[in-house]
Structures are given as structure tokens and as C-alpha cells.
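Throughout, a chain's letter reflects where its sequence line sits, starting with A, and its residues are numbered from 1. Note: hydrogens, waters and symmetry copies are ignored here, and every other heavy atom, side chains too, is used.
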Number of protein chains: 2
Amino acid sequence: MNEFEILFEALKITEPILQKEILTHGVLEKYPKGVFVVEQDKYIKWLAIVIQGSVRVWQEEEDREILLYYVNPLETCSLSLAATFKDYKSLVHARTENNTTLIKIPVRFVKQWSFEYQSWFRFTTQSFITSYEDLLVSYKSLAFKRIGERLYDYLIYSKELSENKIHISHKALANELGTTREVISRLLKQMEEEGRLKLHFKMIELINS
Amino acid sequence: MNEFEILFEALKITEPILQKEILTHGVLEKYPKGVFVVEQDKYIKWLAIVIQGSVRVWQEEEDREILLYYVNPLETCSLSLAATFKDYKSLVHARTENNTTLIKIPVRFVKQWSFEYQSWFRFTTQSFITSYEDLLVSYKSLAFKRIGERLYDYLIYSKELSENKIHISHKALANELGTTREVISRLLKQMEEEGRLKLHFKMIELINS
DNA sequence: AGTCGGTTGTGACATTTAGCACAATTTACA
DNA sequence: TGTAAATTGTGCTAAATGTCACAACCGACT
């Protein structure tokens with residue numbers, strides 16, 4: 001099954017005309033890790049849907065950054081989606097996290113299809129809603145939780161995606177959470193002393209409670 | 001011009017069939033200040049569009065709260081909108097700020113119309129996008145700015161909506177920004193000493209720089 | 001084995017934010 | 001006019017977070 005077929009199946013795109021449109025105007029691209037897909041303050045020209053790999057989306061200011069979310073297979077960056085409805089500059093950065101396969105759709109089609117094809121409408125709408133809810137949860141967490149708790153939440157969440165061993169540096173964790181490396185190092189050390197995890201070089205092992 | 005006509009004009013709802021649908025299924029309601037329109041963890045049954053007045057939308061945890069946004073005339077709460085596409089419990093609270101006139105649409109129609117009527121599609125889409133962007137800006141601000149700056153930003157923003165005199169208590173400001181009253185009082189006092197504003201009882205006067 | 005760049009640990013200290021206590025002030029309204 | 005409730009000011013203290021400096025450590029590569 002090729003990438004387009006994967007897309008059609010996952011998004012339940014059954015309309016033959018829409019399939020044809022996507023095949024005609026969509027562009028398949030493969031990127032290595034670390035490529036910028038979207039840059040803050042630049043105009044967005046394509047809607048990218050991740051087929052394989054993942055894309056990290058974040059905001060930055062001076063030398064700090066904070067994670068917004070990851071775009072995983074068969075999801076799209078809801079901000080690119082927003083941009084397709086209203087020409088504007090990106091408020092965020094986005095970069096591939098792994099080798100990543102994308103299908104890119106020129107923005108001018110995205111809106112039009114939403115009104116014409118039920119399945120595409122479902123896809124765009126769902127993407128928006130999910131992203132909005134996620135952001136809302138993050139916002140609340142940022143407003144009311146202390147860094148220690150947000151850090152642990154992050155680790156638990158990462159664990160669910162893979163296993164008990166999370167491969168990430170303290171500096172990278174700081175960038176996910178919008179703080180600095182020393183803060184993370186100290187909090188992790190403290191959690192290690194509490195027996196909640198075990199620290200290794202560029203790896204954190206969670207201990208099942 | 002009655003409330004429905006105002007709605008049609010503002011949202012550029014020209015389709016006669018849609019107008020008829022809205023007149024048939026929409027309900028006009030007038031509330032005094034302080035009525036809960038949506039409550040956290042409750043199911044959403046209506047999409048409310050503000051015609052007059054305004055609705056405050058916020059999140060809370062224990063005895064803290066933080067503002068998300070205000071719904072102003074001819075806007076809708078994007079979270080109610082999200083809920084119409086996916087039955088779920090509200091993540092937020094919403095309460096009228098003034099005497100407020102709403103048009104309420106049962107959620108089951110909202111999604112259907114989006115796909116059937118261009119103007120309704122434009123309305124729902126725009127609402128989502130605007131809310132999403134606003135939340136994103138708030139998120140960044142929360143992540144990187146200190147309370148003092150967020151406070152001043154808030155005052156400047158309020159000033160633009162009305163005049164130099166902002167009628168609000170320190171406690172209410174704390175609730176807008178997710179902090180406590182003492183913090184706000186001190187920061188305001190400091191800004192007064194710096195000549196940036198003048199404090200009165202339940203009112204803050206901004207000084208043009 | 002040696003070098004180098006990135007990573008981690010940590011002490012000392014500064015700043016920001018929060019929490020408690022209580023007095024003073026203002027308003028609403030009985 | 002008097003009283004109660006809400007609002008504001010502020011000293012003191014504590015906790016959370018950020019900053020700087022520097023040493024120790026790890027792993028990739030020659």
C-alpha cells in the first residue's frame with residue numbers, strides 16, 4: 001500500500017473524485033530528521049500531513065522554547081490548517097523529529113475541499129478540535145502546575161508512547177517545558193532520590209510505582 | 001432590526017433556507033450578569049452566539065482561575081463549537097459579564113449546516129481559527145512573560161476596548177491572570193510609582209506615555 | 001590513549017511569585 | 001449616620017524558579 005492509499009484509508013477518504021484531486025495536487029516528500037517544515041513568521045503555502053515519522057511544533061522567544069505538540073502519523077499541524085483558511089504568518093516553528101514522510105497539499109485546495117467532500121470536512125474539523133483541546137489542557141497545566149509536576153507528566157506521557165526508558169537530554173526536556181536545564185537537572189535528581197526514576201546518560205528510566 | 005436579522009447581516013448569512021432553519025431552531029435568550037452559560041465538566045447542548053453583552057470563559061483549579069477569553073457580540077464560544085462536532089464535556093466555565101442576549105442553536109444542527117451552507121461554514125471555521133490563534137498567543141505569553149508584563153498587556157488591551165479608565169478590582173485582575181490578589185496589588189503599586197498608571201478604588205487609570 | 005563537544009551535577013545566590021496576617025479604606029445600604 | 005462587607009496596602013516570610021560558575025563525566029572520533 002503506498003502513502004496515498006494509507007492516507008485514504010486512515011482518513012476514510014472514499015470519494016473517488018477527492019482521491020483523484022489529492023493524487024493530482026498532493027506532493028509526497030521524505031525528509032530526514034531536523035528539517036524545518038514551518039518557520040515562525042513565514043507564510044504557509046502547504047498543508048502537510050504526516051504519513052510516517054513525526055514533527056515537533058513549538059514556540060520560542062529569545063533563548064527559551066516551549067513545546068506545543070507533536071504531529072504524528074495521519075495527523076496534520078492544525079496551525080497549517082488554520083493558515084489555509086486565512087493567509088497568515090506562522091506563529092510557530094515546526095521541524096521533523098525523525099525521518100519523516102509527508103503529503104503536502106497546496107493551501108488553496110484545502111478550504112475548498114472541506115466544503116465539497118464530507119470526508120475532508122471531517123478530517124479538517126477533527127484536526128482543529130483535537131488540537132484546540134490539547135492546547136487547552138497544556139494551557140491549564142502551564143497556568144496551575146509547578147514545573148516538577150509538568151515534568152513528571154511529560155515523562156509519564158512519553159513512557160506510554162514507548163517504554164520505561166525515555167531517551168532525552170535534560171536540555172531537551174527544558175525546551176519541551178519552557179524552562180532551563182539546571183531546573184530540570186535538579187528536579188530529576190530529586191525524583192531519583194525519591195525512587196521515582198533512575199537517571200542515565202541521555203536516558204531516564206521510570207520506575208513502576 | 002431584530003436579533004436574528006443582526007445575526008444574518010453580521011455573519012453574511014444570505015441563504016434563505018439557512019435563515020429559515022435558524023429562525024426555526026434557534027432560541028433567543030436574554031440573561032442578566034453572572035449567569036453560567038457553560039459549566040466545566042457538563043455536557044454542551046447548545047451553541048450560543050452572543051448578540052449583545054459578553055461572556056467570560058475561563059478555567060479553574062482549586063481556588064485559582066485563569067481567563068481564556070471573552071466572547072463578544074457576534075462571536076461564539078469556540079469550545080461550544082468544538083463540542084457540537086464531538087459530544088463531550090466542557091473543559092471550561094462560561095458566565096455572562098453583563099446583560100447578555102444570546103441566540104442558542106441546538107448542537108445537532110451546527111455540524112450539518114457547516115457542510116451545507118457556505119456562510120455557516122465560514123462562520124464556524126473563522127471562529128475556530130481566531131480562537132486558536134488567541135489561545136496560542138496567550139500560551140506563549142504565559143510561558144515566557146512575567147506577571148508584571150502580562151498585567152500591563154492586559155491593561156493596555158482593556159484600555160483599547162474602552163478608555164483610559166479600567167474598572168476592575170485587584171482580585172478580579174488576579175483571576176484574569178491566574179495569580180493572587182497581593183501579587184497584583186504590589187505590581188500595580190509599583191507601576192503607579194513609576195508613573196505608568198494611577199490607582200483608584202476599583203478603577204485603574206492608565207497614563208499615556 | 002587523547003581530545004573535544006556535549007551532558008550532567010551542584011553550590012551559591014538572585015529574582016519572582018506566593019501566602020499569611022492584619023490594618024486601613026471605601027462602598028453599600030440598613 | 002452607622003455598620004458590615006468588600007477592597008486595598010503592606011510587612012514578613014517562604015517557596016519556586018532562574019542564573020552563573022565551574023567541575024566532572026560520557027561518548028564519538030581520531
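There is a side-chain donor-acceptor pair under 3.5 Å between B:Tyr154 and B:Glu176.
Remark: the B:Arg186 side chain and the D:dG11 base include a donor-acceptor N/O pair separated by less than 3.5 Å. Interface remark: the A:Arg181 side chain does form a donor-acceptor pair with the C:dG9 base, using a distance-only criterion of under 3.5 Å. Looking at A:Arg146, its side chain has no donor and acceptor atom pair within 3.5 Å of the base of C:dT16.
Looking at which nucleotide of DNA chain D each of A:Val183 and B:Ser169 is closest to, the 5′-most match is held by B:Ser169. Toward the 5' end of DNA chain C, the nearer of the two residues B:Thr180 and A:Glu192, judged by each one's closest nucleotide, is A:Glu192.
For the pair A:Ala48 and A:Val37, the tightest heavy-atom approach, listed with the atom from each and the gap, is CB-CG1, 4.5 Å. Across every non-hydrogen atom of B:Asn99 and B:Lys33, the tightest pair is OD1-N, 3.7 Å.
Only one option out of A:Gln190, A:His170, A:Lys171 pairs with A:Ser185 in a side-chain hydrogen bond (donor to acceptor under 3.5 Å, both in side chains); it is A:His170.
When the nucleotides C:dG9, D:dC20, C:dG11 are ranked by their closest atom to the side chain of A:Lys189, C:dG9 comes out on top. Nearest nucleotide to the side chain of A:Ser185, out of C:dT10, D:dG18, D:dC26: C:dT10.
Contacts of A:Leu188 with the nucleic acid, taken as non-hydrogen atoms under 4.0 Å apart, are absent.
In this structure, B:Ile147 places its CD1 atom 12 Å from P of D:dG18, rounding to the nearest Å. The distance from atom CG of B:Leu142 to atom P of D:dT17 is 13 Å, rounded to the nearest whole Å. When the C1' atom of D:dC25 is taken as reference, atom NE2 of A:His200 falls 15 Å away, rounded to whole Å. Rounded to an integer number of Å, the gap from B:Phe144 CZ to D:dG18 P is 11 Å.
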